[in-house]
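Report on one structure; see the data block that follows.
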Amino acid sequence: MPELPEVETVRRGLSELLPGRVISAETHDNPKSFPNAPADVEQFMNGATIKEIHRRAKVLIIELSSNYVLIVHLKMTGQLVFRNGDMRFGAGHPSYSLVGELPDKSTRVVITFTDGSKLFFNDQRKFGWMRLMPAVEVPNIDFMQKVGPEPLETSFTWQLMKDRLVRRKNTSIKAALLDQTVIAGVGNIYADESLWGAKIHPATLVRNLTDKDFQVLHKALVDVLKLSIEKGGSTDRNYVDAEGKRGSYLTFANVFRREGQTCPRHPDTKIVKLKVAGRGTHICPKCQVPQKD
DNA sequence: CACTTGACCTGTCCGC
DNA sequence: TGCGGACAGGTCAAGT
């Protein structure tokens with residue numbers, strides 16, 4: 001579920017909460033969620049102080065004073081939630097999607113700090129993971145070697161975006177946007193929203209896009225990512241920030257999960273849901289007309 | 001090599 | 001209510 005804006009929101013939240021805290025213990029319910037050996041946890045994690053929290057694409061990197069890092073990928077349903085003291089949540093409060101008490105049945109990993117506060121890694125579908133590794137090895141892992149540029153860096157110009165996308169010139173623009181080796185951090189929500197913003201049909205082959213299309217798409221993508229971060233990310237089902245709160249971006253979404261509702265640009269036209277690149281895809285049939293190849 | 005599809009998991013929603 | 005099937009925002013491996 002979480003894409004760049006959601007992961008960035010979590011990163012910012014954790015950056016306010018974790019640095020300076022000292023890890024005292026780690027437990028997990030499933031080796032897939034946390035594959036490291038207990039001996040490594042004991043040696044490089046327990047007793048370590050949390051330093052800075054970084055993000056690359058949809059991956060969080062939690063720096064430890066031991067020169068190891070915790071790398072976290074939330075995949076579809078992961079959450080990283082910090083609690084200090086009271087492990088309960090305000091039941092019924094509209095800004096919280098978590099209710100009850102942590103840990104709950106989706107809790108995969110619990111990291112306890114010496115002051116009694118805890119970081120919970122919850123992941124209903126068990127696709128996500130958290131793992132410990134030496135900081136110096138991070139740049140060498142396959143993912144870091146292959147991942148594309150960060151779309152919110154100032155160096156991410158429309159020309160750079162075009163250069164990256166045309167690496168996949170014979171596929172649909174939607175599939176190319178979702179490819180993390182092309183551009184970092186874009187997922188289904190922001191692919192659909194940016195294509196609507198740029199008035200490009202998601203099945204359009206990359207090779208048929210014009211420079212004008214790339215320019216408009218670049219602006220639409222950057223704008224939608226920035227807006228979502230400003231709104232604390234989206235929230236549909238599982239995503240919550242570091243304090244367990246929902247984001248509000250989907251309130252501002254133009255097409256995503258809005259099938260049957262009217263297009264903001266065409267009050268007489270309804271948003272349609274189709275399948276492109278194997279994914280649920282939302283378009284306005286009037287704004288986004290299929291291109292002939 | 002470029003590209004597409006199915007698998008990984010659990011939970012929810014929808015139609016019967 | 002209950003049951004089967006489709007589907008869910010991400011990524012790999014395996015297939016064409």
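Because only heavy atoms are used, hydrogens play no part in the values below, and waters and symmetry mates are left out as well, while side chains stay in. What you see is a predicted model, and the numbers here were worked out from it, not measured in a lab.
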Check your understanding: Between the main-chain N or O of A:R125 and the side-chain N or O of A:T77, is there a donor-acceptor pair closer than 3.5 Å?
Key -> yes

From [options], pick the nucleotide closest to the side chain of [X]?
X: A:R257; options: C:dG9, B:dT4, B:dG11; answer: C:dG9
X: A:E3; options: B:dT10, C:dG10, C:dT11; answer: C:dG10
X: A:H73; options: C:dG9, C:dA8, C:dG10; answer: C:dG10
X: A:K275; options: C:dG10, C:dC12, C:dC7; answer: C:dC7
X: A:R125; options: B:dC9, C:dT11, C:dG9; answer: B:dC9
X: A:K126; options: C:dG9, C:dT11, B:dT10; answer: B:dT10
X: A:M76; options: C:dC12, B:dC3, C:dA8; answer: C:dA8
X: A:T171; options: B:dT4, B:dC9, C:dT11; answer: B:dT4
X: A:N170; options: B:dC9, B:dC3, C:dG9; answer: B:dC3

On a whole-Å scale, what distance lies between the [atom1] atoms belonging to [N] and [M]?
N: C:dG5; M: B:dA7; atom1: P; value: 15 Å
N: B:dC14; M: C:dG9; atom1: P; value: 16 Å
N: B:dG11; M: C:dC12; atom1: C1'; value: 23 Å
N: C:dA6; M: B:dG6; atom1: C1'; value: 15 Å

Under 4.0 Å from OP1 or OP2 of [N]: is there any side-chain N or O of [X] that close?
X: A:K273; N: C:dA8; answer: yes
X: A:Q180; N: C:dG10; answer: no
X: A:K169; N: B:dA2; answer: no

Review point. Are the ring centres of A:F127 and A:H73 closer than 6.0 Å?
Key: no

Review point. Does the ring centre of A:Y249 sit less than 6.0 Å away from the ring centre of A:F256?
Key: no

[X] [atom1] to [N] [atom2], straight-line distance once rounded to whole Å:
X: A:N188; N: C:dC7; atom1: CG; atom2: P; value: 14 Å
X: A:R108; N: B:dC8; atom1: CZ; atom2: P; value: 17 Å
X: A:K75; N: B:dG11; atom1: NZ; atom2: P; value: 18 Å
X: A:Q79; N: B:dC9; atom1: CD; atom2: C1'; value: 15 Å
X: A:R279; N: B:dT5; atom1: CZ; atom2: C1'; value: 13 Å
X: A:L177; N: C:dG10; atom1: CG; atom2: P; value: 12 Å
X: A:D123; N: B:dC9; atom1: CG; atom2: P; value: 11 Å
X: A:K105; N: B:dT10; atom1: NZ; atom2: C1'; value: 9 Å

Check your understanding: Which part of the nucleic acid does A:K146 contact within heavy-atom distance under 4.0 Å: base, sugar-phosphate only, or nothing?
Key -> nothing

Are [X] and [Y] close enough for a salt bridge, meaning some N to O gap below 4.0 Å?
X: A:K245; Y: A:D241; answer: no
X: A:R12; Y: A:E8; answer: yes
X: A:D192; Y: A:K174; answer: yes
X: A:K162; Y: A:D211; answer: yes

Practice item. Would you check if A:F127 stacks with the base of C:dT11, given a 5.5 Å centroid limit and a 30° plane limit, both strict? Key: no

Practice item. Using the aromatic ring of A:F256 (for Trp, its six-membered ring), decide whether it stacks on the base of C:dG9 within the limits of 5.5 Å and 30°. Key: no

Point to revise | base_contact_polar (B:dA2 base, A:R168 side chain, donor-acceptor, <3.5 Å) | key: no

Point to revise | Under 3.5 Å on both distances, the Watson-Crick or G-U partner of C:dG5 | key: B:dC13

Study note, to complete from the structure: Closest to the 5' end of DNA chain C, once A:G278 and A:W129 are matched to their nearest nucleotides, is A:G278

